Amino acid sequence: MPAALKEGFQQKSSERIIFLADMNSYFATCEQMSNPALRGKPIGVGGSNLSRTVVTAASYEAKRYGVKNGMSVGEAKQLCPELRMVTGDPDKYFDTTKKFLKIFQDYTPDIEPFSIDEAFLDLTGTQHLLGSFIHIAKEIKKRIREEIGSLFTCSIGISYNKRMAKLASSKMKPDGLVWIKREVSKEDLIWFAEELGTTKGKLISTSEALKSSKLTDLCGIGSRTEENLLNMGISTIEGLARTPVERLKKRFGVYGIFLYNLSHGEDPSPVIPYWLDNSYKSMGHHYTLPEDIHDREKLEPILLKLSEKIGRKLRAYGYKAKTVHLFLRKNDFTSLSQQHTLPFYTNDGYVIYQEVCRILDTWIFPEAVRMVGIQCSNFRRNHDQLSLLESEAQKERLIQALDKINNRFGEFTVMRGKIMDANLKIHVGGYLEDKSSLTLDLL
Amino acid sequence: MKFTCEKKLLEGALAPLSRMVSPKATLPILENILLDAGKDGVKLAATDLEVGMKTFISAKVDESGSVTVPARLFFEVVSHLEEKLIEIEVESGSSVLELKGEGFKYQFNILNSDEYPVLPETPAESKITLTQKVFKEVLKETLFAAAPIREDNPVLAGLLFKLDKEVLTVVALDGYRLAKRNLKNIKNSLTRTVIVPSRGLSELIKLLQDVDDTVEVYFGEHQIVFKLNETILFSRLLEGQFPQFERVIPEKSEVTVKVGKENLLQALRRASILALDRESPKLVKLNLKGNRITITANTQDIGQAYEEVKVETGKKAEKEEVTVAFNAKYWIDALSTLDFEKIRIELGSSTNPGVLKPETGDDFIYVVMPVRTVSELVKV
């Protein structure tokens with residue numbers, strides 16, 4: 001192994017077995033499952049105001065017409081005139097996600113939800129209990145169809161690390177089963193075919209897999225990095241693999257080592273079970289307003305509600321934050337954004353809100369606001385030194401009591417008067433930036 | 001002005017005086033020390049208007065007069081001199097002070113002493129008299145628990161002095177822990193409650209000796225004045241509401257045990273070496289069960305510590321078990337300051353304060369709030 005590789009990861013004596021299970025056309029399938037009239041038809045899932053939205057997720061039927069996720073509705077309708085747009089229902093998707101995560105739990109506790117429709121599973125060392133991993137993959141596919149819904153299919157990628165598993169899952173969609181192995185022998189092929197039986201699937205070697213992929217097919221290389229690499233004269237994975245690691249390190253820092261490893265099919269990152277993941281760097285909420293808001297008074301209740309939600313989430317995860325970031329997008333798509341750092345750490349939604357107002361004070365309120373976002377960062381773990389002072393303790397007890405009530409009777413059962421009328425309609429978003437909302441009551 | 005004095009005497013007086021002076025004084029003259037040579041010796045004074053000190057050293061005065069000199073520089077030079085006797089002179093009309101002896105001469109620019117603020121005299125009323133030894137003990141047992149300067153709640157950087165006829169109660173409370181000491185049977189008929197900034201007191205404690213000589217404490221309207229021998233130390237009082245400390249002291253705890261102070265202190269010191277969490281420093285868990293306290297600490301990816309300390313329990317306590325997490329610093333602070341051989345420890349639930357008392361009696365009490373660990377958070 002080249003010395004540079006050692007810098008980035010440590011080779012384990014026994015190879016890991018990592019799955020990436022990716023639900024195919026997830027939102028669209030959820031909608032089709034709950035409404036039989038939509039089955040077999042090209043549909044697109046979008047936001048609440050269907051004229052302002054984009055196609056967040058297209059069904060396989062729509063994809064056949066060339067409709068792609070992220071297209072504007074107008075564009076999509078040109079390609080596929082009979083496309084039916086449906087307003088997304090995030091609760092439904094979260095609910096379904098929890099169901100498939102529950103199935104995964106029967107095979108391993110080491111599950112890392114990667115987005116709302118995909119998760120990593122670490123199955124290293126389970127064979128002696130559960131049989132071959134190909135068999136497990138087949139069983140998972142079957143159980144998803146039987147227990148969640150007959151239309152649900154997933155692509156399972158299997159490999160010796162997370163990013164190779166992710167790459168494997170993308171090699172056959174929908175309903176794929178692809179195993180990427182460092183080196184593939186004749187015996188491997190025979191064993192794989194036997195295990196697979198009638199299920200469709202593929203076994204490919206790492207070098208084959210990398211050769212048939214573009215740079216951006218690798219999870220961890222986005223369009224920005226691709227551009228940077230192109231500027232360095234690197235346009236293929238092969239090219240990246242040939243680039244001296246020193247050069248990459250010089251250009252990208254630690255990320256350069258990661259890229260180098262990745263181009264050789266190596267990725268040392270572990271599967272972090274969600275119940276261990278305490279790596280949040282920030283928590284926030286953003287909200288696209290159903291209609292533009294023109295004055296601050298109308299926006300304040302919404303900002304307060306978002307702040308309270310963040311406060312509650314911080315408390316749920318045992319964090320206190322020091323930095324508050326406010327973001328406004330105007331109707332002309334320009335934006336205002338600023339962050340303040342407090343002199344102390346907080347997990348009190350009202351304190352966050354007060355800071356948000358202080359930021360607002362420094363701005364000229366825009367003519368029309370389209371979207372607002374609040375984010376808290378600069379965390380400290382909330383091992384809380386309790387206070388002797390009655391005033392501090394009182395504040396704390398109040399928040400605790402509110403949390404208890406809201407836990408039992410639902411979010412915002414008790415709330416500040418100011419936010420009584422601030423209804424946030426939930427939006428549909430693909431990437432699970434906030435795994436927290438998914439994992440709260442899973443266990 | 002001209003006088004000759006013992007270097008040792010002068011140095012001893014200048015050391016505390018130079019600490020009274022604020023390096024960022026609002027008036028230039030406040031960076032100076034007042035020297036006032038009279039018949040039998042020299043009066044010295046320094047203040048930053050919050051705390052101040054006056055003292056007296058005997059000297060052979062040839063010519064009386066008063067001037068002010070830069071406190072820190074003057075002290076530094078004096079403290080480095082090897083002479084036994086030093087001579088100080090300001091020629092009349094001159095703006096420099098000369099410090100000289102065999103083979104050396106230092107000159108300091110002086111400021112006119114007329115501009116020096118008038119320092120308070122000892123008020124005639126409201127006086128109690130204690131022995132230095134006892135008062136030193138009282139301060140030692142409380143001062144460590146006061147907060148460093150707190151802009152949001154300035155009174156926490158002070159000690160409460162509550163004089164109620166024959167009992168003096170001194171309380172320090174930084175928001176997370178409290179130390180309270182009662183002193184009974186004082187000759188006094190007054191009732192006064194004042195808050196004294198800890199800064200002046202931490203200077204005072206250095207001046208107090210373990211002797212039976214007395215210290216007089218004068219409770220003024222806006223100031224408290226301490227008089228010991230030739231020295232007077234005064235401090236402005238803090239205004240504001242001191243927290244209701246009585247409420248903070250738990251009436252009873254679930255478990256009480258007796259333990260050797262030194263054993264507990266050393267075990268805590270060792271265990272907290274492995275409590276390295278950056279965000280909650282020195283986090284240790286105390287578990288009390290049967291006839292032992294166990295102390296555990298751990299830091300992810302680094303290691304963990306386990307210590308056992310034998311305790312004496314009452315009959316009831318043997319069945320109880322409590323576990324409470326604390327910032328070990330708060331216990332170590334107290335245990336390393338106190339002179340008791342054996343102490344009582346009282347613990348309650350994981351969110352109730354821990355209590356430390358001497359083996360017998362209630363004259364001293366120390367209360368520490370625990371740390372609520374993440375695992376005990378309200379699940380949302």
Side-chain angles (χ1 to χ4, degrees), chain A residues 275-276 278-280 283 308-322 342-345 347 349 378-413 436-437 439-443, chain B residues 145 147 150-153 155-156 171-180 241-250 275 277-285 299-300 324-330 348-355 366-380:
Chain A
W275 40 271
L276 270 188
N278 52 13
S279 61
Y280 291 103
M283 283 184 184
E308 295 275 17
K309 280 180 87 154
I310 296 167
R312 203 158 142 65
K313 204 186 288 170
L314 286 169
R315 294 193 291 279
Y317 280 81
Y319 284 116
K320 284 189 171 185
K322 212 176 174 187
L342 295 158
F344 51 86
Y345 290 87
N347 56 13
N378 209 344
F379 286 171
R380 193 187 73 176
R381 210 60 180 148
N382 185 15
H383 287 304
D384 237 355
Q385 173 62 52
L386 299 178
S387 175
L388 271 173
L389 303 178
E390 187 60 17
S391 54
E392 297 293 316
Q394 249 171 16
K395 237 188 268 170
E396 176 130 329
R397 280 200 298 271
L398 176 68
I399 290 177
Q400 272 186 21
L402 291 180
D403 276 345
K404 267 189 192 154
I405 294 171
N406 288 335
N407 284 347
R408 181 145 172 213
F409 300 106
E411 292 299 321
F412 292 105
T413 303
S436 48
S437 39
T439 54
L440 280 182
D441 52 355
L442 194 61
L443 291 179
Chain B
R150 281 275 295 254
E151 269 162 26
D152 56 333
N153 203 347
V155 294
L156 298 186
V171 183
L173 191 170
D174 72 357
Y176 308 113
R177 39 119 170 236
L178 165 150
K180 185 188 98 164
Q241 189 72 41
F242 201 78
Q244 300 258 322
F245 67 90
E246 288 94 346
R247 279 205 220 161
V248 162
I249 298 168
D277 193 318
R278 200 167 48 87
E279 286 146 359
S280 47
K282 304 253 172 227
L283 180 74
V284 298
K285 278 190 181 160
T299 309
Q300 213 180 353
V324 196
F326 289 102
N327 181 340
K329 176 190 182 297
Y330 291 154
S349 77
S350 62
T351 53
N352 284 355
V355 176
Y366 181 65
V367 179
V368 196
M369 284 305 277
V371 174
R372 184 173 43 205
T373 55
V374 172
S375 57
E376 287 151 1
L377 290 171
V378 181
K379 287 277 175 297
V380 175

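Convention: sequence-line order gives letters A, B, ...; per-chain numbering from 1. None of the values given here were measured: they were computed from a predicted structure.
- Atom CD of B:Q241 has 12 or fewer neighbouring heavy atoms from other residues, nucleotides or ligands inside a 6.0 Å radius.
- For the pair B:L178 and A:L388, the tightest heavy-atom approach, listed with the atom from each and the gap, is N-CD1, 3.7 Å.
- Top candidate by heavy-atom pairs under 4.5 Å with chain A, chosen from B:P243, B:P370, B:P353, is B:P370.
- Only the side chain of B:Y330 comes within less than 4.5 Å of a heavy atom in chain A; its backbone stays farther off.
- Proximity to chain A (any heavy atom under 4.5 Å) is restricted, for B:L156, to the side chain, taken from C-beta onward.
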